[in-house]
**Student:** 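Have a look at this one.
In what follows, every heavy atom counts, from backbone to side chain, and hydrogens, waters and symmetry copies are set aside. Below, chains carry the letters A, B, ... as their sequence lines are ordered, and counting in each starts from 1.
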2 protein chains.
Amino acid sequence: MASHGARGRSGGRPTLEEVAARAGVGRGTVSRVINGSPRVSDATRAAVEAAVAELGYVPNTAARALAANRTDAIALVVPEPETRFFSEPYFSDMLKGVGAELSDTEMQLLLIFAGSDKERRRLAQYLAAHRVDGVLLVSVHADDPLPDLLAQLDIPAVISGPRSAAETLPSVDSDNYGGARQAVEHLLSRGRRRVAHITGRLDVYGAQRRTEGYRDALSDAGHEVDDALIEPGDFTEEGGSRAMAALLERRPDLDAVFAASDVTAAGARQALREAGRRIPDDVALVGYDDSAIARHMEPPLTSVRQPIEVMGRRMIDLLLTEVADRRPLASRGLDRRQVVLATELVPRSSS
Amino acid sequence: MASHGARGRSGGRPTLEEVAARAGVGRGTVSRVINGSPRVSDATRAAVEAAVAELGYVPNTAARALAANRTDAIALVVPEPETRFFSEPYFSDMLKGVGAELSDTEMQLLLIFAGSDKERRRLAQYLAAHRVDGVLLVSVHADDPLPDLLAQLDIPAVISGPRSAAETLPSVDSDNYGGARQAVEHLLSRGRRRVAHITGRLDVYGAQRRTEGYRDALSDAGHEVDDALIEPGDFTEEGGSRAMAALLERRPDLDAVFAASDVTAAGARQALREAGRRIPDDVALVGYDDSAIARHMEPPLTSVRQPIEVMGRRMIDLLLTEVADRRPLASRGLDRRQVVLATELVPRSSS
DNA sequence: ATCACTGGTGGGAGCGCTCCCACAGTACCT
DNA sequence: AGGTACTGTGGGAGCGCTCCCACCAGTGAT
């Protein structure tokens with residue numbers, strides 16, 4: 001853990017100037033070495049590195065930020081209360097990917113919750129102060145003012161889950177449409193014929209796409225799409241349960257359900273059980289997310305897995321590119337950088 | 001969200017200087033107003049505030065940090081991989097308390113994971129660069145070098161869960177000893193006579209205290225402490241299960257178990273069930289933490305609840321005091337600031 | 001020998017603040 | 001009238017970097 005032996009006189013930490021003196025070079029040269037500029041001779045570089053090691057020099061971030069007008073920090077903004085953040089394995093996986101991708105960088109990651117109004121005001125203030133070089137936005141609703149604020153402040157941002165087909169921000173998403181198709185095609189291949197669908201919150205673009213995937217998978221397979229087999233949910237367990245009850249009432253002959261999330265599926269399972277339907281014997285059930293819930297459900301739930309960790313990594317990729325492009329005067333806005341990652345169906349005994 | 005209307009010429013954000021010019025005062029005066037100094041006349045203050053609002057001025061944190069040698073940020077350091085952090089509701093509750101207590105402050109909270117060696121090296125570097133004014137340490141093992149590093153760098157720190165009775169750092173903890181006593185006394189009051197104990201990791205001070213509480217509760221009630229009824233665990237489910245099996249083999253007549261954590265209790269329950277013992281009929285079970293596991297267990301688990309959110313708040317209290325004391329030359333080291341909070345037994349049907 | 005260059009280097013200027021000293025103004029004693 | 005003690009204020013001097021321009025060899029072409 002570094003040598004903290006020798007120190008500058010004033011009892012404080014050594015400065016660039018002191019390193020320069022010790023190495024017998026100028027300030028500029030030390031700065032070049034520290035920042036890995038190639039325009040330094042090997043001998044000089046070695047001398048500077050020795051001085052750095054001897055003094056235990058660590059650059060002063062504040063000074064660097066002031067002089068270079070950058071912070072070397074990016075924020076992961078979660079517009080939800082802490083509680084949801086922790087309960088959803090989604091976030092933890094994403095954070096893992098983000099952390100991994102960031103680990104060979106100098107960038108520092110800040111985690112900022114903006115669930116309450118108060119927290120959002122603080123965040124706005126924080127961003128206005130340009131305390132981060134870029135922002136990672138997760139689970140943003142279509143009408144959130146945050147993306148606009150960021151654009152206005154000219155702060156690079158990447159969003160996970162575009163807000164619409166016309167998303168202007170760089171984004172990373174999984175293939176919601178394709179994932180939904182996989183789920184429905186799987187059910188059809190198992191011989192199911194009356195496949196119902198409980199949607200997610202339809203103000204979330206990804207949820208819309210899943211519903212579209214459901215429709216297209218059915219019609220492409222030569223089935224007609226029966227609107228009576230579609231019931232809106234809201235990604236919650238209660239919503240799933242309520243929707244399932246409604247579907248059973250309307251179409252008691254259904255033999256399969258594609259739920260827009262695992263949590264929704266858990267609610268649906270509850271309603272099915274109360275109605276005396278067996279899973280998968282009477283009704284096959286497929287969820288979305290492949291979360292812990294899916295593995296622990298009774299019976300284990302077939303689900304569509306998203307590569308969340310990879311999504312985290314790709315978001316960092318995009319953001320770092322954005323940040324780097326911002327340094328000189330880069331041309332932006334034209335090339336929409338939207339990444340879409342493939343999903344995978346994980347079959348279990350619920351279907 | 002602030003007015004971002006008028007701007008300084010250079011296209012950039014307005015500076016102190018510009019605010020001063022606009023308000024017709026000097027730089028020093030604006031600085032005083034911004035920092036809430038009382039040595040400013042009301043008229044001047046009003047003029048400055050107006051200028052600030054008109055220009056949408058936001059102080060440059062880097063400049064402030066450089067000039068004032070502080071960062072207005074503190075770090076919550078978690079020496080565990082992300083995964084554990086997210087799975088334990090402990091952390092989420094603590095974070096809630098910390099966030100709440102920090103919300104009427106200018107302080108920014110950074111969440112830093114230091115589970116791997118690589119991450120720890122980065123953290124050391126980060127701390128050496130003095131990028132935070134203080135550190136909150138959670139779940140630190142007795143032999144962790146982190147506290148020493150912090151002391152060496154002279155960075156204020158507060159620890160949750162002292163490393164030993166001789167802890168030198170300010171700390172916040174719940175009353176592990178008392179909590180254990182509550183658990184055992186509860187079991188005795190229910191008529192149990194052969195109360196076993198599965199310990200936590202005994203290199204964790206809190207776990208030791210729980211075991212001491214178990215012993216003292218028994219002997220104070222006039223029971224002899226039988227070492228054959230004590231089996232070491234490690235806070236994990238497997239550990240709990242293994243320990244329970246060992247106990248059953250050694251003392252098949254036991255009629256109650258106090259487990260050092262809910263997770264341990266979950267493991268014990270498994271082993272008891274496999275041995276054909278009914279809970280609570282044959283064996284009563286009490287856990288520790290009152291986590292979600294306790295509520296969802298079958299049967300629901302009696303457990304000892306710690307006021308984790310409050311602990312988070314108190315940690316911030318202590319840390320902010322430390323940080324403030326550090327500004328002038330305060331006398332430290334003498335008054336050990338150790339906070340211990342009371343626990344509460346939550347009885348459920350497992351006992 | 002002269003004139004380009006080019007890789008390597010030193011150091012001034014400045015980033016936007018806070019700190020602190022100096023000073024004007026007023027008030028209240030001797 | 002002359003001190004003494006404030007309160008409120010302006011502005012110089014940094015904080016420790018990065019940026020950039022100037023400069024000094026050396027090298028090869030003319």
**Student:** Whole angstrom is fine here: how far is it from CG in A/L66 over to P in C/dG14?
**Tutor:** 14 Å
**Student:** For A/G115, does its backbone N or O pair with a side-chain atom of A/E119 as donor and acceptor, under 3.5 Å?
**Tutor:** yes
**Student:** A/R27 has an atom CZ; how far is it from atom C1' of C/dG8, in whole Å?
**Tutor:** 17 Å
**Student:** For the CD1 atom of B/I316 and the OG1 atom of B/T321, what is their distance to the nearest 0.5 Å?
**Tutor:** 10.5 Å
**Student:** Would you kindly give the CD-to-C1' distance between A/E18 and C/dG11, to the nearest whole Å?
**Tutor:** 17 Å
**Student:** Kindly give the heavy-atom pair with the smallest separation between B/M107 and A/R122, and that separation in Å.
**Tutor:** O-NH2, 3.1 Å
**Student:** Using side-chain heavy atoms (C-beta onward) and a distance below 4.5 Å, is B/T105 in contact with B/D72?
**Tutor:**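 Sidechains of B/D72 and B/T105: no contact.
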**Student:** Any non-hydrogen side-chain atom of A/V135 less than 4.5 Å from a side-chain atom of A/P156?
**Tutor:** no
**Student:** Which residues in residues 30-43 of chain A have at least one heavy atom lying under 4.0 Å from any atom of DNA chain C?
**Tutor:** A/R32, A/R39, A/V40, A/S41
**Student:** To the nearest angstrom, how far is B/N69 atom CG from C/dC19 atom P?
**Tutor:**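 Distance check: B/N69 CG to C/dC19 P gives 10 Å.
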**Student:** Whether A/T29 contacts C/dT9 is assessed here as follows: a side-chain N or O lying under 4.0 Å from the phosphate OP1 or OP2. Is that the case?
**Tutor:** no
**Student:** Between P on D/dG16 and CG on A/L55, what's the gap in Å once rounded to a whole number?
**Tutor:**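 Answer to the nearest Å: 14 Å.
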**Student:** Between B/G26 and A/N60, which residue's closest nucleotide on DNA chain D lies nearer the 5′ terminus?
**Tutor:**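 Of the two residues, B/G26 wins.
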**Student:** Expressed as a whole number of angstroms, how long is the span from B/L16:CG to C/dT18:C1'?
**Tutor:** 9 Å
**Student:** Starting the side chain at C-beta, find the nucleotide from D/dG8, C/dC17, D/dC17 nearest to B/T44.
**Tutor:** D/dG8
**Student:** What pair of heavy atoms forms the shortest contact from A/T71 to A/D133, and how long is it?
**Tutor:**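 Between these two residues, the closest heavy atoms are N-OD1, 2.8 Å.
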**Student:** Report yes if at least one side-chain N or O of A/R64 is closer than 4.0 Å to OP1 or OP2 of D/dT18; otherwise report no.
**Tutor:**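 Checking D/dT18 against A/R64, a side-chain N or O does come within under 4.0 Å of OP1 or OP2.
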**Student:** When we call it a touch if two heavy atoms are under 4.0 Å apart, what does B/T61 touch: a base, just sugar-phosphate, or nothing?
**Tutor:** nothing
**Student:** Using whole Å, what does the distance between atom P of nucleotide D/dC15 and atom CZ of B/R70 come to?
**Tutor:** 17 Å
**Student:** Sequence neighbours excluded, which residues qualify as salt bridge (charged side-chain N to carboxylate O under 4.0 Å, His left out) partners of B/R45?
**Tutor:**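 B/R45 satisfies salt bridge (charged side-chain N to carboxylate O under 4.0 Å, His left out) with no other residue.
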